[in-house]
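See below for the structure under consideration.
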Amino acid sequence: MKLFFVSLGCDKNLVDSEFMIGTLLEEGITMTDDESAADIIIVNTCCFINDAKEESVNTILEMAEYKKNGICRALLVTGCLAQRYQKEIREEIPEVDAVLGTNSYDDIAHALHTVLDGSKYENFHTLEGLPSVKSRRSITTGGHFAYLKIAEGCSKHCTYCIIPAIRGAYRSVPMEELLSQAAQLAAAGVKELILVAQETTLYGVDLYGRKSLDRLLDELNKIAGLYWIRILYCYPEEIDDALIAAIRRNEKVCHYLDIPIQHADDQILRRMGRRTSQQDLKDIVSKLRREIPDICLRTTVICGFPGETEAQHESLMRFINEMEFDRLGAFTYSPEEGTPAAEFPDQVDEDTKLNWQEEVMELEQEIIFDKTQEMTGQTIWAFVEGWLPDERVYAARSYRDAPDIDGYVFISAGEAEFMSGDFVKVKITGSMDYDLTAEVEGGNL
């Protein structure tokens with residue numbers, strides 16, 4: 001039987017998808033990229049913001065047509081939307097045969113067999129503990145980089161966020177399991193490991209009584225075959241001296257941190273339920289740049305939070321201009337039912353949100369363009385992702401570039417001589433907006 005799998009949303013959800021695919025491949029099922037030829041269709045959904053919710057619903061409805069009119073025998077829905085709207089999915093989309101919650105994806109094989117035997121199925125484990133998956137993941141990112149989800153859930157309850165309700169409280173994955181996964185990935189050819197969680201900086205608090213991301217980095221750094229270890233989703237208030245020291249001493253750890261701040265005005269930060277002030281954020285950024293001078297800092301902000309004024313928006317703009325983040329993403333506020341912020345008064349109209357988002361990104365664009373120009377003349381290692389024969393260049397990434405969200409390094413070459421996954425020493429020759437141009441300076445690792 002052939003499986004068509006749709007994974008929506010974040011990289012953390014993608015890890016769940018890869019475990020489900022791996023489980024089903026061990027059952028003898030094969031993959032197809034043609035939904036019309038699939039006997040089985042699985043949609044792993046997202047509902048973090050309204051746009052993600054709409055995409056998930058539309059995808060399920062699209063796949064339901066293959067159940068009604070095609071050869072599809074089983075349509076399964078998993079993930080965040082399934083957890084949050086299980087009743088609505090069952091009642092309004094009868095073509096769906098099975099619905100699994102966020103903590104139940106380890107039940108995917110049993111769910112599929114039940115459906116193929118002619119019965120509907122659902123499973124919503126309590127949001128405690130972690131799924132137990134014995135099969136190996138099927139890596140979907142091309143084989144040379146992979147995500148390692150080090151924890152599930154969140155316990156901080158920001159007023160705009162639905163994650164604790166659909167993913168549960170913070171639960172760390174035991175370190176021995178992570179090291180086993182990482183070793184398997186490295187043995188399979190993965191050279192860049194990207195650590196993800198709703199919040200990576202709190203890793204280990206629930207298991208070991210203290211933040212243990214520093215210890216995890218020490219152990220991952222020992223794994224043969226890994227070259228880069230990248231850390232995403234670091235809440236700024238949890239970045240401590242132990243983590244900074246671990247980044248400095250472990251040569252495989254990229255000098256790159258993703259630190260979502262969400263805003264910089266003190267009143268808005270309090271209304272969001274965040275645990276930093278603007279001064280705290282300035283202190284953290286300054287310390288990171290002082291201790292790790294070449295660090296690349298990425299952040300995200302929300303525009304148009306309920307009650308936000310023009311003056312508070314300008315406060316954010318001044319902060320961004322002063323901090324000069326190397327990477328920044330701006331999102332308009334999305335009211336999510338069931339969150340406190342959705343019930344706050346003074347909701348900001350959509351046009352204002354979009355205008356503020358545009359202003360933030362225009363400012364950040366100027367900052368990034370200046371920073372890319374400053375890279376000219378530097379020699380760095382670049383991670384090759386592919387060869388573009390028409391342009392006769394390699395598309396690669398520097399340590400400053402996470403896959404799919406940051407820029408590229410385009411390396412000039414007369415002919416293809418490197419492979420995807422190679423590390424090549426290059427000299428930066430110029431910049432093109434968010435991207436860099438380079439020429440080969442030395443060999444590959």
Side-chain angles (χ1 to χ4, degrees), residues 11-12 14-15 18 137 139-150 178-197 200-201 203 213-234 239 243-259 288 291-298 326-327 375 378-386 394-411 418-428 435-436 438 440-445:
D11 39 44
K12 300 177 285 295
L14 181 64
V15 173
E18 292 178 342
R137 287 164 56 187
I139 302 304
T140 61
T141 51
H144 302 297
F145 74 87
Y147 298 98
L148 185 69
K149 185 162 75 166
I150 67 174
L178 294 175
L179 296 177
S180 176
Q181 276 190 59
Q184 289 175 11
L185 291 168
V190 168
K191 296 183 179 181
E192 179 183 10
L193 200 61
I194 304 170
L195 308 191
V196 296
T200 54
T201 28
Y203 173 75
L213 182 56
D214 59 322
R215 293 171 50 211
L216 178 61
L217 293 175
D218 288 342
E219 296 304 314
L220 290 173
N221 194 70
K222 299 174 184 177
I223 296 177
L226 291 180
Y227 289 83
W228 278 355
I229 300 166
R230 188 181 302 275
I231 313 168
L232 302 186
Y233 312 123
C234 294
I239 296 172
L243 176 57
I244 293 172
I247 294 171
R248 293 181 60 181
R249 70 174 169 262
N250 288 300
E251 62 180 10
K252 296 180 182 180
V253 178
C254 294
H255 290 180
Y256 175 108
L257 279 184
D258 171 64
I259 50 173
L288 284 168
E291 298 291 330
I292 312 172
D294 64 341
I295 196 164
C296 178
L297 296 179
R298 178 179 179 82
D326 302 272
R327 308 283 188 265
M375 293 289 293
Q378 294 190 31
T379 298
I380 61 172
W381 286 99
F383 181 78
V384 175
E385 293 208 334
Y394 294 101
R397 290 185 288 109
S398 74
Y399 79 92
R400 299 166 60 84
D401 303 304
D404 299 324
I405 55 175
D406 295 327
Y408 285 95
V409 180
F410 292 104
I411 308 168
F418 302 113
M419 302 290 292
S420 295
D422 282 349
F423 283 86
V424 182
K425 184 176 285 188
V426 300
K427 183 175 183 179
I428 305 303
D435 304 316
L436 298 171
V440 177
E441 179 78 1
N444 59 317
L445 292 178

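The structure presented is a predicted model; accordingly, all values stated were derived computationally and were not measured.
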Closest approach of [X] and [Y], non-hydrogen atoms and distance?
X: T200; Y: L213; value: O-CD2, 3.7 Å
X: D422; Y: K191; value: OD1-NZ, 4.1 Å
X: H144; Y: S420; value: NE2-O, 3.0 Å
X: A186; Y: A224; value: CB-O, 3.6 Å

Contacts of type salt bridge (charged side-chain N to carboxylate O under 4.0 Å, His left out), residue R215, not counting sequence neighbours: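 Applying salt bridge (charged side-chain N to carboxylate O under 4.0 Å, His left out) to R215 gives none.
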Salt bridge (charged side-chain N to carboxylate O under 4.0 Å, His left out) partners of D435, counting only residues at least two apart: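 Checked D435 against salt bridge (charged side-chain N to carboxylate O under 4.0 Å, His left out); zero matches.
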Counting C-beta onward and ignoring hydrogens, is there a side-chain heavy-atom pair between [X] and [Y] closer than 4.5 Å?
X: Y399; Y: D294; result: yes
X: L226; Y: L185; result: no
X: T201; Y: I239; result: yes
X: E385; Y: F145; result: yes
X: Y203; Y: L178; result: yes
X: E192; Y: R397; result: yes
X: L193; Y: I223; result: no
X: L232; Y: I194; result: yes

Check against side-chain contact (heavy atoms from CB on, under 4.5 Å), L217 and L243: CA-CA 9 Å; L217 293 175; L243 176 57; 3.8 Å; yes
Under-4.0 Å salt bridge between D326 and R400: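 Judged by the 4.0 Å cut-off on N to carboxylate O distance, D326 and R400 do form a salt bridge.
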Cationic N near anionic O, under 4.0 Å, R327 to D258: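 No salt bridge links R327 with D258.
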Residues V253, I231; criterion side-chain contact (heavy atoms from CB on, under 4.5 Å); working and verdict: CA-CA 8 Å; V253 178; I231 313 168; 4.1 Å; yes
Partner residues of F383 under the ring-ring contact (aromatic ring centres under 6.0 Å, His included) criterion, sequence neighbours left out: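 Expected list: W228, F423.
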Qualifying residues under side-chain hydrogen bond (donor to acceptor under 3.5 Å, both in side chains), relative to Y233, sequence neighbours excluded: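 side-chain hydrogen bond (donor to acceptor under 3.5 Å, both in side chains) check on Y233 returns D11.
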side-chain hydrogen bond (donor to acceptor under 3.5 Å, both in side chains) partners for K222, two or more places apart: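 Partners of K222 by the side-chain hydrogen bond (donor to acceptor under 3.5 Å, both in side chains) criterion, ordered by chain and then number, come out as E219.
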Measuring from [X]:[atom1] to [Y]:[atom2], what's the distance to the nearest 0.5 Å?
X: I229; Y: L148; atom1: CD1; atom2: CG; result: 9.5 Å
X: L288; Y: I295; atom1: CG; atom2: CD1; result: 5.0 Å
X: W381; Y: E441; atom1: CH2; atom2: CD; result: 10.5 Å
X: R137; Y: K149; atom1: CZ; atom2: NZ; result: 9.5 Å

Donor-acceptor contact present, side-chain D401 to main-chain S398, <3.5 Å: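 Between the backbone of S398 and the side chain of D401 there is a qualifying donor-acceptor contact (under 3.5 Å).
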Could you work out, with side chain to side chain contact (heavy atoms under 4.5 Å, CB included) as the rule, every residue matching [X], not counting sequence neighbours?
X: A438; answer: V409, I411, V426, I428
X: R248; answer: I244, E291, I292
X: T140; answer: L14, E18, I21
X: I405; answer: Y256, R298, A402

Near-ring test F410/Y394, centroid separation under 6.0 angstrom: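 No, ring centres 6.0 Å or more apart.
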Whether over 12 other heavy atoms sit under 6.0 Å from K252 NZ: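 Enclosed: over 12 neighbouring heavy atoms sit under 6.0 Å from NZ of K252.
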